[in-house]
Amino acid sequence: MAKIIVVTSGKGGVGKTTTSASFATGLAARGKKTVVIDFDVGLRNLDLIMGCERRVVFDFVNVIQGEANLRQALIKDKNNENLSILAASQTRDKDALSEEGVEKVLNDLAKEFDYIVCDSPAGIERGAHLAMYFADEALVVTNPEVSSVRDSDRVLGLLSSKTHKSEKGEGRVREHLVLTRYNPVRVEKGEMLSVKDVQDILAIPLLGVIPEASAVLTASNSGAPVILDQNNEAGQAYDDLVARFLGEDRPHRFVEVQKKGFLSKLFGG
Amino acid sequence: MDLLGWFKSKKAPTANTARDRLMMVVAIQRDQDGRRTTTGNGGAVSYLPALREELLAVVRKYVSVPDSAVKVDVQKEAGLEVLEMNITLPERT
């Protein structure tokens, strides 16, 4: 039975696509057959982050409208054969996604894959609604910033009421908090909401804390999900996150200020 | 080392302000969605007693009034939440 996971947040620019790309890549690296779908119709970007933008021929909307079949539209990842990508359409037609269409594609994918990762667009409109509607679990991506936390809370409200599971009385979507762009130095100075603050407010279990890192930008520049960079803290944090999701018990790293030695203090290392 | 930083004035930490403001908006949001809140038992209403106390203190800066002079209530009308405040001032002598 395939598991459907939505990566959502409400607010834009907090790291949904970065998280979707690394999460899906991490699952595939652990041998899970994984597909990651871009639900951001009109503003396709997952293909860029995954580095497959030049191989998009058919997209999600083509499949829903019967202009292509899934086999034609799924893009195999260049590094891992367990991983496939389904790109968003660049159409400006907002109604291109239908609930029945999305359900059928997800059902077809469920026959082939272990995990279906749905990369939600920002906002709470149609695309975001459909990305979460059929989900079993949700990664709620949040920055330690007031606007992001508030929007995440709005999304939690929708997850508890506007999903297939909740409407059909089949239990609830399992929610996980992913805190991104975390800077322990600023938290220690009292300039940034702490992990605990955000957890207290949103009251959902913490899956991972991704430290603010320049590697996230360089990863997107080159189209290689940051989890592939295991020399970097953000990459390592995503690897921990995937391991935790699959049931491993790993302590949270990168949430405390790293104590610097005398030399690195002197030379700003 | 950050020598310049030594001379800069220290700004007050703002994370606590952020947390307090968020708790308030989230409590109201959850109440409107009909969700249970984690910041109090009664949803948005949980901050009302504190609000009333603070209002009373402000009024007392200027006039002397009994505890019962400030009344605060939240009413729901057709999906709209209305914060109702009633402050009774003493009659002029």
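Below, read A as the first sequence line, B as the second, and so on, with proteins coming before strands; counting in each chain starts at 1.
Looking at A:E170 and A:K165, no side-chain N of the basic residue comes within less than 4.0 Å of a carboxylate O on the acidic one, giving no salt bridge.
The side-chain contact (heavy atoms from CB on, under 4.5 Å) test with A:T19 is passed by exactly one of A:L207, A:V141, A:V226: A:V141.
Within the 4.5 angstrom heavy-atom criterion, atoms from both the backbone and the side chain of A:R154 approach chain B. Heavy atoms closer than 4.5 Å to chain B are found in both the backbone and the side chain of A:L156.
When all heavy atoms of A:K11 and A:S147 are compared, the closest pair comes out as CE-OG, 3.3 Å.
Taking B:T17, B:T14, B:L22, B:V25 one by one and counting their heavy-atom pairs under 4.5 Å with chain A, the maximum is reached by B:L22.
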Would A:D197 and A:S194 count as a side-chain hydrogen bond (donor to acceptor under 3.5 Å, both in side chains) here? Give the steps. CA-CA 5 Å; A:D197 289 338; A:S194 68; 3.2 Å; yes
